[in-house]
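Given the structure is predicted, the values throughout are model-derived calculations rather than measurements.
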Amino acid sequence: DNENKETEETEETEETEEAEETEETEETEDFVTNNNENICKTKFLKELLNQNQIFSATEITIKQRRIAERKIEAGRKKYDMTGSYCDGYKAIEEYKPTSLKRRPGDVQFKNEE
């Protein structure tokens with residue numbers, strides 16, 4: 001009887017440990033793949049701040065400042081469309097300008113042609 005009890009307890013303990021390991025692995029996978037909105041929110045906000053600092057720095061070229069302005073716009077638009085910080089961050093990171101000509105709504109920089 002005691003042997004059966006011990007065997008059952010050991011099996012239950014092993015099952016519990018396996019379940020806990022699975023939960024930890026799933027949490028880690030979310031972290032590693034960056035699909036976690038909390039992580040993306042932090043990254044998105046940091047990148048928006050970084051791009052805003054570039055945009056605001058008068059010692060940086062007009063071209064770099066315009067690209068930062070467009071990256072901010074792309075990230076915000078994507079976030080507004082999807083509600084996902086991960087999508088917004090990805091839009092900023094992957095943004096490639098097709099043209100840097102001034103458009104309506106863009107800031108006009110001093111000495112800009």
Side-chain angles (χ1 to χ4, degrees):
D1 239 3
N2 277 346
E3 276 184 40
N4 286 341
K5 232 181 197 181
E6 286 176 16
T7 303
E8 287 175 13
E9 287 175 3
T10 303
E11 288 173 2
E12 286 175 14
T13 302
E14 288 173 1
E15 287 174 8
T16 303
E17 288 173 358
E18 286 175 19
E20 288 172 357
E21 286 175 16
T22 302
E23 287 174 13
E24 288 174 12
T25 302
E26 288 171 1
E27 288 173 18
T28 303
E29 286 171 4
D30 281 347
F31 181 81
V32 171
T33 61
N34 291 329
N35 286 329
N36 183 309
E37 282 296 312
N38 289 328
I39 293 168
C40 289
K41 181 179 181 180
T42 300
K43 291 170 80 170
F44 178 69
L45 295 176
K46 282 183 180 179
E47 193 55 34
L48 278 180
L49 178 60
N50 180 48
Q51 293 303 319
N52 192 49
Q53 289 172 334
I54 293 168
F55 173 71
S56 301
T58 56
E59 67 277 2
I60 292 179
T61 68
I62 291 172
K63 179 181 177 180
Q64 290 171 309
R65 294 173 72 191
R66 181 68 71 210
I67 291 170
E69 180 181 32
R70 300 277 169 81
K71 283 185 172 191
I72 292 167
E73 178 184 21
R76 286 179 175 168
K77 277 186 177 179
K78 191 65 164 183
Y79 175 77
D80 286 344
M81 286 173 42
T82 66
S84 168
Y85 291 105
C86 293
D87 290 344
Y89 177 73
K90 187 175 178 182
I92 293 171
E93 287 294 297
E94 293 179 352
Y95 178 81
K96 303 278 188 271
T98 54
S99 170
L100 295 177
K101 290 182 182 176
R102 192 166 173 265
R103 310 185 294 210
D106 282 350
V107 168
Q108 182 172 354
F109 297 112
K110 189 176 183 176
N111 301 323
E112 184 177 23
E113 297 172 6

Return the set of residues passing side-chain contact (heavy atoms from CB on, under 4.5 Å) with Thr98 (not counting sequence neighbours), or none when no residue passes.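 Testing Thr98 for side-chain contact (heavy atoms from CB on, under 4.5 Å), a comparison that skips the adjacent residues, returns none.
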Applying side-chain contact (heavy atoms from CB on, under 4.5 Å), name anything that partners Lys63, two or more places apart in sequence or on another chain. Thr61, Ile67, Leu100
Considering all heavy atoms of both residues, which atom of [X] and which atom of [Y] are nearest to each other, and what is their separation?
X	Y	answer
Ala74	Ala91	O-CB, 3.8 Å
Asn36	Asn38	OD1-N, 2.8 Å
Cys86	Glu37	SG-OE2, 3.3 Å

Among Arg65, Arg66, Lys71, which one satisfies side chain to side chain donor-acceptor pair (under 3.5 Å) with Glu69?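 In the set Arg65, Arg66, Lys71, the residue that makes a side chain to side chain donor-acceptor pair (under 3.5 Å) with Glu69 is Arg66.
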To the nearest 0.5 Å, what is the distance between NZ (Lys41) and CG (Leu45)? 6.5 Å
Would you list the pairs meeting salt bridge (Lys or Arg N to Asp or Glu O under 4.0 Å) in which at least one residue belongs to residues 86-95, sequence neighbours left out? none
Using a 4.5 Å side-chain heavy-atom cut-off and chaining through intermediate ILVMFWY residues, the residues clustered with Ile60 come out as Ile54
In chain order, what residues pass the ring pair (Phe, Tyr, Trp, His ring centres under 6.0 Å) check against Tyr85, with sequence neighbours excluded? Phe44, Tyr79
Run the side chain to side chain donor-acceptor pair (under 3.5 Å) test against Gln53 and tell me which residues pass, sequence neighbours left out. none
Of all residues at least two apart in sequence or in a different chain, which pass the side chain to side chain donor-acceptor pair (under 3.5 Å) check with Gln51? Glu47
With Lys77 via salt bridge (Lys or Arg N to Asp or Glu O under 4.0 Å) - residues at least two apart: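 If we apply the salt bridge (Lys or Arg N to Asp or Glu O under 4.0 Å) test to Lys77, skipping adjacent residues, the hits are Glu73.
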